[in-house]
Amino acid sequence: MQMLQTTDPVEGGFDNIPTQSAHAFRAAMTAMARPGTAHVLSGATAPAPTSPAAATLLMTLLDPETPLFLAPGHDTGALRDWIAFHIGAPLVGPERAVFALGAWDALTPITRFAAGTPEYPDRAATLIVDDAASGWDAAILTGPGILNEAVADLPDIDILARNAALFPLGLDFFFTRGDRVQALPRSIKVRAR
Amino acid sequence: MSDYNFAYLDEQTKRMIRRAILKGLAVPGYQVPFASREMPMPYGWGTGGVQVTAACLTPDDTVKVIDQGADDTTNAVSIRKFFEKTAGVATTTSTAAADLIQTRHRIPEEPLREDQILVYQVPIPEPLRFLEPRETETRKMHSLEEYGLMHVKLYEDIARHGHIATSYAYPVMVEDRYVMDPSPIPKFDNPKLESAAIQLFGAGREQRIYALPPHTRVVSLDFDDHPFDPSRADHPCALCGAEGSYLDEVITDDRGGRMFVCSDTDFCETRRDAAKDEVAA
């Protein structure tokens with residue numbers, strides 16, 4: 001059986017970086033291109049409370065060029081060591097972060113993060129919401145990547161609807177849980193079901 | 001396999017490209033700057049498309065490359081060989097059998113599926129570039145959604161020629177927000193931009209990546225009294241008889257002889273094979 005979490009900072013990386021990150025990126029890209037669909041994302045394991053999907057996403061997308069914010073709960077010595085060994089991303093405050101990792105409540109208020117500028121909307125943070133909480137509200141999603149409508153459980157529909165209203169500015173989200181990932185780009189309109 | 005890292009590029013470069021692709025998908029039609037690398041082929045041969053393909057490929061993929069619809073032209077053959085050698089992936093000429101299709105200036109006739117990716121090679125990603133040469137200005141125009149100049153250009157076409165004379169790289173509006181250059185595909189292909197597949201655009205020399213998620217609304221710019229017209233040559237294909245495909249005009253002698261044949265070679269061959277099977281049966 002595969003380890004779900006590791007405590008040794010040297011453990012838990014990819015065995016074959018090019019191949020595993022290629023498969024992981026394909027899953028992450030498909031999730032971002034088709035909001036509301038869940039995809040298997042596994043291969044890396046990081047110290048608790050990080051899920052395998054979030055650990056794999058970090059391994060795939062982050063490197064020393066991408067400042068990362070660790071929200072309280074994920075900001076542990078063990079995870080800092082793991083990130084320092086495997087990824088080398090500088091750890092920063094929310095305002096300067098290109099990526100952020102944490103449970104939803106620990107990441108809010110999300111207005112702290114960079115939402116891009118009108119001329120460079122790509123300079124916006126990507127939030128990895130690594131949350132095992134249950135009881136999220138079902139939301140209806142519409143927008144690019146979705147033929148008619150999709151349904152997804154989201155932590156806070158009001159906040160995410162406000163983020164979408166900023167389009168083309170705004171934050172992009174990955175929701176990770178176990179070895180599954182879903183994504184919510186800013187282009188998607190969300191409303192309560 | 002080979003002495004290259006998987007799909008030629010180093011991992012840090014792929015991560016940088018992958019991050020740009022994700023932002024491109026999040027803001028459809030917006031051109032994301034990326035640190036384009038020098039590739040072992042000249043600019044204009046698809047260095048942007050090759051980098052995007054390299055960042056998206058997995059070892060399980062089957063790759064198809066077309067150049068103006070054809071699988072057998074120099075550019076297509078070279079890029080296919082490049083990925084055979086550096087990524088060890090399978091290649092095909094069949095549209096249906098491909099997981100990832102890299103294209104120069106055409107969209108395959110056969111509708112693409114949800115599990116396919118189409119990568120475009122883009123020479124000039126900025127649709128406003130020939131109207132406004134300064135990057136600082138075009139960037140501001142996109143941020144302010146100031147696209148009047150593009151409509152003036154199309155209007156001048158009508159004033160001069162009686163119709164919109166732009167026949168390729170015909171500008172489109174993506175999700176009512178960004179005007180986008182669909183790369184120099186014939187305007188015949190514009191309706192196919194609304195696709196079930198993920199579409200990624202890579203411009204190597206100009207260092208831009210942009211994207212269309214599946215089912216993104218893509219509208220060709222036009223006027224109420226001059227609606228968009230995806231025109232094609234008024235002939236059936238001389239080889240397969242198709243009446244709805246995009247045609248190339250082929251000169252056959254020096255006395256004015258010519259024929260019209262499908263530009264999409266796989267589409268044409270599949271149809272001719274099917275016709276042969278029918279005769280045999």
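Lettering of chains follows the sequences in order, A, B, ..., and the numbering in each one begins at 1. Just the heavy atoms: all of them, side chains too, but no hydrogens, waters or symmetry mates, feed the values below.
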*Asks:* Quick one: do B:Leu22 and A:Phe25 satisfy side chain to side chain contact (heavy atoms under 4.5 Å, CB included)? Show the steps, please.
*Replies:* CA-CA 10 Å; B:Leu22 291 178; A:Phe25 174 68; 4.0 Å; yes
*Asks:* Which one, A:Ile188, A:Thr30, A:Thr66, leads in non-hydrogen pairs under 4.5 Å with chain B?
*Replies:*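 Sorted descending by pairs with chain B, the first entry is A:Thr66.
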*Asks:* Does B:Lys23 form a side chain to side chain contact (heavy atoms under 4.5 Å, CB included) with A:Arg186? I'd like the steps, not just the answer.
*Replies:* CA-CA 10 Å; B:Lys23 287 301 172 196; A:Arg186 65 192 91 168; 3.6 Å; yes
*Asks:* Show the nearest heavy-atom pair for residues B:Leu57 and A:Arg26, with the distance to one decimal.
*Replies:*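 Nearest pair, atom of B:Leu57 first, then A:Arg26: CA-NH2, 4.1 Å.
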*Asks:* Using non-hydrogen atoms and a 4.5 Å limit, figure out which bit of A:Thr117 sits close to chain B: side chain, backbone, both or neither.
*Replies:*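 It is neither, since no heavy atom gets under 4.5 Å.
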*Asks:* Does a side chain donor of either A:Ser187 or B:Glu175 reach within less than 3.5 Å of an acceptor in the other side chain?
*Replies:*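 Distance-only check fails for A:Ser187 and B:Glu175.
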*Asks:* So, for B:Arg19 and A:Leu61, which heavy atoms are closest and what is the spacing to 0.1 Å?
*Replies:*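 Looking at all heavy atoms of both residues, the shortest contact is NH1-O, 2.7 Å.
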*Asks:* With side chain to side chain contact (heavy atoms under 4.5 Å, CB included) as the criterion, how do A:Phe167 and B:Val27 come out once you've worked through the C-alpha distance, each side chain's angles and the decisive distance to 0.1 Å?
*Replies:* CA-CA 8 Å; A:Phe167 186 86; B:Val27 191; 4.1 Å; yes
*Asks:* Contact part of B:Asp61 toward chain A, heavy-atom cut-off under 4.5 Å: side chain, backbone, both or neither?
*Replies:*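 Side chain only.
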*Asks:* Please report the closest heavy-atom contact between B:Ile117 and A:Met29, naming both atoms and the distance.
*Replies:*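 Scanning both residues completely, I find the closest heavy atoms to be CD1-CE, 3.4 Å.
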*Asks:* Which heavy atom of B:Asp115 sits nearest to which heavy atom of A:Arg34, and what is that distance?
*Replies:*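 What the structure gives for the nearest pair is N-NH2, 4.4 Å.
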*Asks:* Using a 4.5 angstrom heavy-atom cutoff, name the option from A:Ala22, A:Pro185, A:Pro64 with the most pairs to chain B.
*Replies:*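 Of the options given, most contacts go to A:Ala22.
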*Asks:* So for A:Phe174, is it side chain, backbone, both, or neither that comes closer than 4.5 Å to the heavy atoms of chain B?
*Replies:*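 Only the side chain of A:Phe174 comes within 4.5 Å of chain B.
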*Asks:* Would B:Arg15 and A:Ser21 satisfy side chain to side chain contact (heavy atoms under 4.5 Å, CB included), going step by step from the backbone distance to the final call?
*Replies:* CA-CA 9 Å; B:Arg15 278 192 295 269; A:Ser21 50; over 6 Å; no
*Asks:* Which answer fits A:Tyr120, side chain, backbone, both or neither, if we ask what part of it has an atom under 4.5 Å from a heavy atom of chain B?
*Replies:*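 Contact with chain B is through both the backbone and side chain of A:Tyr120.
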